[in-house]
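Report on the structure given below.
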Number of protein chains: 2
Amino acid sequence: MGIEIKIALNEGLYLKDPQDSVLGRNIIKHSILLLSDLGFEAFNFKKLSLEIGSTESSVYRYFENKHLVLIYLVSWYWEWVAYLIRINTLNINDPKRKLEIIINCFVSASFENPSIDYLDKSKLHSVIIAEGIKVYRTKDVDEEYGKGYFRNYKQLITTVAGVISEINPTFQYPYALASNLFEMSNNHIYFAKHLPRLTDISVYGNTVDEVEIMLNYFTDKLLS
Amino acid sequence: MGIEIKIALNEGLYLKDPQDSVLGRNIIKHSILLLSDLGFEAFNFKKLSLEIGSTESSVYRYFENKHLVLIYLVSWYWEWVAYLIRINTLNINDPKRKLEIIINCFVSASFENPSIDYLDKSKLHSVIIAEGIKVYRTKDVDEEYGKGYFRNYKQLITTVAGVISEINPTFQYPYALASNLFEMSNNHIYFAKHLPRLTDISVYGNTVDEVEIMLNYFTDKLLS
DNA sequence: TTATTTATGATAGGTTTACTATCATTATTA
DNA sequence: TAATAATGATAGTAAACCTATCATAAATAA
């Protein structure tokens with residue numbers, strides 16, 4: 001059972017909605033697991049179908065290629081974070097408090113309820129951290145932007161930029177700060193683990209908490 | 001002729017030093033051009049060797065694979081930026097002024113002299129902006145970190161972090177700010193062009209100048 | 001119920017990418 | 001002039017990427 005959450009994503013991302021069938025949900029589930037294990041480059045539909053106990057051709061009935069699977073997952077994540085922000089700031093009026101909550105969602109969206117059976121959100125977060133940037137760093141970015149594949153990200157950043165402007169209406173870079181908070185959150189969680197000399201976040205401590213404190217410090221300073 | 005600059009890079013990156021032969025320099029030159037045209041995913045040694053008028057097997061004598069070519073180019077860029085920072089801050093004592101120069105090098109390393117014949121630095125900068133992040137967002141990051149492939153980046157960030165600490169010795173995040181300035185510089189030049197809703201940098205104005213002003217504003221605020 | 005549509009599996013095959021190996025030829029250097 | 005090194009030419013393998021076709025099972029409609 002679990003709680004029914006169906007997130008509406010751009011229909012151009014898939015050939016057949018994977019949320020509507022057992023095989024489709026298996027594709028999503030095992031894509032996350034495999035991407036997390038192998039990374040995007042070594043991941044492919046052959047390995048995925050073997051993992052599921054299905055076939056390559058069946059997977060191709062849902063997604064044109066692995067790049068679109070990644071965009072699908074990342075879009076799902078963006079929507080999920082936006083949803084978390086919405087429900088967690090419902091009764092909050094103070095925009096400063098709202099931004100704190102947003103930062104908390106950025107660094108630890110994976111630990112939040114409610115849960116969805118076929119989607120390991122903690123693993124998904126690792127995938128976003130390690131591979132997320134690859135969805136828009138390609139030669140097809142303009143074409144895919146035109147198709148609206150990154151609209152969820154745009155909307156998430158617009159929401160956050162709105163809160164930033166509420167805190168300080170004269171601040172000139174609300175969008176840049178919003179996207180930077182998101183990117184920095186992922187970057188420094190990754191750096192702490194793999195490239196520790198690029199950050200001050202400790203390798204041994206509680207990475208996520210430290211990143212959260214840092215991002216709050218940065219926004220405080222910038223918006224005061 | 002041109003000025004002789006030989007940049008020393010990690011020897012594990014190549015099988016034979018491309019700076020030492022005509023073919024090698026051609027590989028570097030046309031890798032930059034092709035990567036800039038096709039992007040990393042569509043780039044391969046077959047297309048590269050055709051472009052040069054050589055053969056696949058000859059290219060493989062210099063580099064194990066295209067991923068190592070990318071690391072080579074990005075390392076070269078890191079070293080180049082570090083070099084520019086060094087010569088441009090030689091006689092500067094004020095750390096605030098130093099950081100301004102660093103930011104200027106980050107956003108516009110490509111426009112600086114001196115020039116090297118076989119290396120289009122403006123194109124290289126585009127490649128770094130679009131593809132640079134792919135060097136360390138892979139499953140092999142830990143292994144390659146161990147081999148010292150990212151040492152140039154580490155050193156660049158260490159230098160910048162030092163200047164940041166000079167400006168404000170109590171600032172707790174010199175490394176994170178340093179790497180963030182570098183990443184943000186590339187991100188927002190890219191966003192302005194391809195994902196304009198993620199930034200406040202105008203699509204039509206002088207992107208590079210605007211990014212420079214923004215980064216200076218951010219550092220000013222954070223370090224005051 | 002039976003007929004029809006839909007979803008999946010099984011299998012095959014074609015193209016491209018990624019790489020290795022071998023041998024001939026051309027430059028360099030000794 | 002001989003020896004060595006660098007490149008080119010060619011071949012070939014394995015995997016990745018993708019399409020097509022047919023059989024079967026499951027769901028739905030008549």
Side-chain angles (χ1 to χ4, degrees), chain A residues 6 11-31 33-35 37-73 118 131 134-135 138-140 143-144, chain B residues 11-31 34-35 37-73 118 131 134-135 138-140 143-144:
Chain A
K6 173 148 176 166
E11 292 184 6
L13 294 174
Y14 48 80
L15 300 167
K16 191 192 287 194
D17 193 336
Q19 292 179 101
D20 287 346
S21 70
V22 177
L23 178 58
R25 289 187 292 269
N26 259 320
I27 289 172
I28 299 307
K29 177 180 180 176
H30 288 92
S31 287
L33 300 176
L34 265 187
L35 278 166
D37 281 358
L38 307 174
F40 183 69
E41 285 70 29
F43 167 80
N44 65 43
F45 282 2
K46 177 96 192 216
K47 290 171 186 167
L48 175 60
S49 57
L50 271 171
E51 200 75 7
I52 303 175
S54 177
T55 62
E56 237 182 313
S57 58
S58 296
V59 177
Y60 273 106
R61 289 193 183 103
Y62 284 84
F63 289 100
E64 268 180 60
N65 53 53
K66 68 175 178 174
H67 180 239
L68 286 168
V69 172
L70 188 63
I71 305 184
Y72 182 95
L73 294 176
Y118 66 92
E131 319 288 351
K134 293 171 191 171
V135 300
T138 74
K139 268 293 153 185
D140 299 326
E143 195 191 327
E144 292 178 346
Chain B
E11 292 183 6
L13 293 175
Y14 48 80
L15 300 168
K16 191 192 290 194
D17 192 335
Q19 291 179 103
D20 287 347
S21 71
V22 177
L23 178 59
R25 288 187 291 270
N26 260 319
I27 289 172
I28 299 307
K29 177 181 179 177
H30 288 92
S31 289
L34 265 187
L35 279 167
D37 282 357
L38 307 175
F40 184 70
E41 284 71 29
F43 167 81
N44 65 43
F45 282 3
K46 177 95 192 218
K47 291 172 186 167
L48 175 60
S49 57
L50 270 172
E51 201 74 8
I52 302 174
S54 177
T55 62
E56 239 182 310
S57 57
S58 295
V59 177
Y60 273 107
R61 288 193 183 101
Y62 284 84
F63 290 100
E64 270 180 60
N65 54 53
K66 67 175 180 175
H67 181 237
L68 285 167
V69 172
L70 187 64
I71 304 184
Y72 182 94
L73 294 177
Y118 65 93
E131 320 288 350
K134 293 172 191 171
V135 301
T138 74
K139 267 293 153 187
D140 299 327
E143 194 191 328
E144 292 179 347

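Naming convention: chains lettered A, B, ... in sequence-line order (proteins, then strands); numbering from 1 in each chain.
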- Item | Contacts of B:E64 that satisfy salt bridge (Lys or Arg N to Asp or Glu O under 4.0 Å) - sequence neighbours left out | none
- Task: Using the test side chain to side chain donor-acceptor pair (under 3.5 Å), find all partners of A:Y62 that sit at least two apart in sequence or belong to another chain.
- Result: A:S21
- Taking atom C1' of D:dG8 as reference, at what distance in whole Å does atom CG of B:N26 sit? 15 Å
- Gap between atoms CG and P, on A:L38 and D:dA16 respectively (whole Å): 10 Å
- What residues 60-70 of chain B contributes to the DNA chain D interface at heavy-atom separation below 4.0 Å is B:R61, B:Y62
- Query: Looking at A:R61 and A:L15, what are the two nearest heavy atoms and their distance?
  - Reply: O-CB, 3.3 Å
- Message: If the condition is side chain to side chain donor-acceptor pair (under 3.5 Å), which residues does B:E51 pass it with, not counting sequence neighbours?
- Response: none
- Query: Could you state the CD-C1' distance from B:E41 to D:dC18, rounded to the nearest angstrom?
  - Reply: 18 Å
- Task: Can you tell me the distance, in whole Å, between the CG atom of B:D20 and the C1' atom of D:dA5?
- Result: 14 Å
- Task: Would you list the pairs meeting ring-ring contact (aromatic ring centres under 6.0 Å, His included) in which at least one residue belongs to residues 40-59 of chain A, sequence neighbours left out?
- Result: A:F45-A:Y60
- Check side chain to side chain donor-acceptor pair (under 3.5 Å) between B:T55 and all other residues, then give those that pass, not counting sequence neighbours. B:S57, B:S58
- Message: Tell me every residue that passes side chain to side chain donor-acceptor pair (under 3.5 Å) with A:D17, counting only those two or more places apart in sequence or in another chain.
- Response: A:K6
- Query: Which parts of residues 43-58 of chain B get close to DNA chain D, meaning a heavy atom less than 4.0 angstrom away?
  - Reply: B:G53, B:S54, B:T55, B:S57, B:S58
- Residues passing the salt bridge (Lys or Arg N to Asp or Glu O under 4.0 Å) test with A:K29, sequence neighbours excluded, are none
- Counterpart residues, salt bridge (Lys or Arg N to Asp or Glu O under 4.0 Å), relative to A:K134 (two or more places apart): A:E41, A:E131
- Task: List in chain and number order the residues that pass salt bridge (Lys or Arg N to Asp or Glu O under 4.0 Å) with A:E143, two or more places apart in sequence or in another chain; answer none if no residue qualifies.
- Result: A:K147
- Message: Below 4.0 Å from chain A heavy atoms, what is the first contacting nucleotide of DNA chain C and what is the last?
- Response: C:dA7 to C:dT11
